[in-house]
Amino acid sequence: MDDERAVGVVTRFWEALDAMAWDAAGAELRADIVVGLPDSGRVLTTREQVVAFNAGYPGRSRCAVRRTLGRAGPVAAETEVVNDRLGRFRCAGFSEVDDGVIVAADECWVGPSDATWRRPPRRRQAGRAYRSRCAT
C-alpha cells in the first residue's frame with residue numbers, strides 16, 4: 001500500500017474516534033490487531049478491544065490529527081485529544097497498515113499526570129506484556 005493511502009487509513013480511524021463512530025473506527029482495524037500502550041503497559045489484541053477501550057473513555061473526547069508521516073514503514077501520527085472531563089492529551093502513534101487496515105500500532109500518550117484511568121488494573125492482566133509490534 002502506498003504511503004498516501006496508508007496515512008488515509010490512520011486519519012480515517014482518528015476521525016471516526018472523533019465522531020464517536022465506533023463501527024467506522026473498527027472498520028479501519030484488522031480483526032486481530034495488536035495495539036501497545038507503553039505508558040500503561042497494556043496490550044489490546046482484537047478490534048473489539050480497541051473499539052471498547054476508546055468507547056469507554058470517560059467524558060467526550062475530540063480528536064484532531066496534527067501531522068502524519070508515512071515513509072515505507074509505519075505511519076506516524078501526532079494526534080491531539082481534548083477530553084471534556086480529563087483534559088488535553090497528545091498521542092504519538094505508529095501504525096502498520098496492510099491491505100487497507102491497521103494491523104498493529106503503538107500509541108505513546110502524554111497528558112495530565114493524574115490520568116489514572118489509563119493505567120492497568122493492579123491485578124495481573126491476562127494476555128501478553130507490552131512489546132512493540134511495529135516494524136522499524
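Note that the structure is predicted; figures quoted are calculated from it, not measured.
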Under 3.5 Å, side-chain donor or acceptor atoms of residues 9-16 against the rest of the protein: list the pairs with distances, not counting sequence neighbours.
unit_1 : atom_1 : unit_2 : atom_2 : d
Thr11  : OG1    : Val7   : O      : 2.9
Arg12  : NE     : Glu28  : OE2    : 3.2
Arg12  : NH1    : Gly8   : O      : 3.4

Quick one: which residue pairs count as a side chain to side chain donor-acceptor pair (under 3.5 Å) with a foot in residues 46-55, not counting sequence neighbours?
-> Thr45-Gln49
Taking side chain to side chain donor-acceptor pair (under 3.5 Å) as the test, write out the residues that go with [X], two or more places apart.
{"X": "Arg30", "result": "Asp32"}
{"X": "Glu78", "result": "Arg67, Arg90"}
{"X": "Arg85", "result": "none"}
{"X": "Ser61", "result": "Asn83"}

Nearest-0.5 Å distance that lies between atom [atom1] in [X] and atom [atom2] in [Y]:
{"X": "Asp39", "Y": "Trp109", "atom1": "CG", "atom2": "CH2", "value": "9.0 Å"}
{"X": "Cys91", "Y": "Arg66", "atom1": "SG", "atom2": "CZ", "value": "13.0 Å"}
{"X": "Ile33", "Y": "Ile102", "atom1": "CD1", "atom2": "CD1", "value": "5.5 Å"}

Please answer: with hydrophobic residues joined when any side-chain heavy atoms are less than 4.5 Å apart, are Tyr57 and Leu86 in the same cluster?
-> yes
Quick one: which residue pairs count as a salt bridge (Lys or Arg N to Asp or Glu O under 4.0 Å) with a foot in residues 17-27, not counting sequence neighbours?
->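 The answer is Asp18-Arg62.
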Could you check if a side-chain atom of Leu37 sits within less than 4.5 angstrom of a side-chain atom of Phe53, using non-hydrogen atoms only?
->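 Touching, per the 4.5 Å side-chain cut-off.
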Is the shortest heavy-atom distance from the side chain of Cys108 to the side chain of Pro38 under 4.5 Å?
-> yes
Leu17 to Ala25 - nearest heavy-atom pair and separation | CD2-CB, 3.9 Å
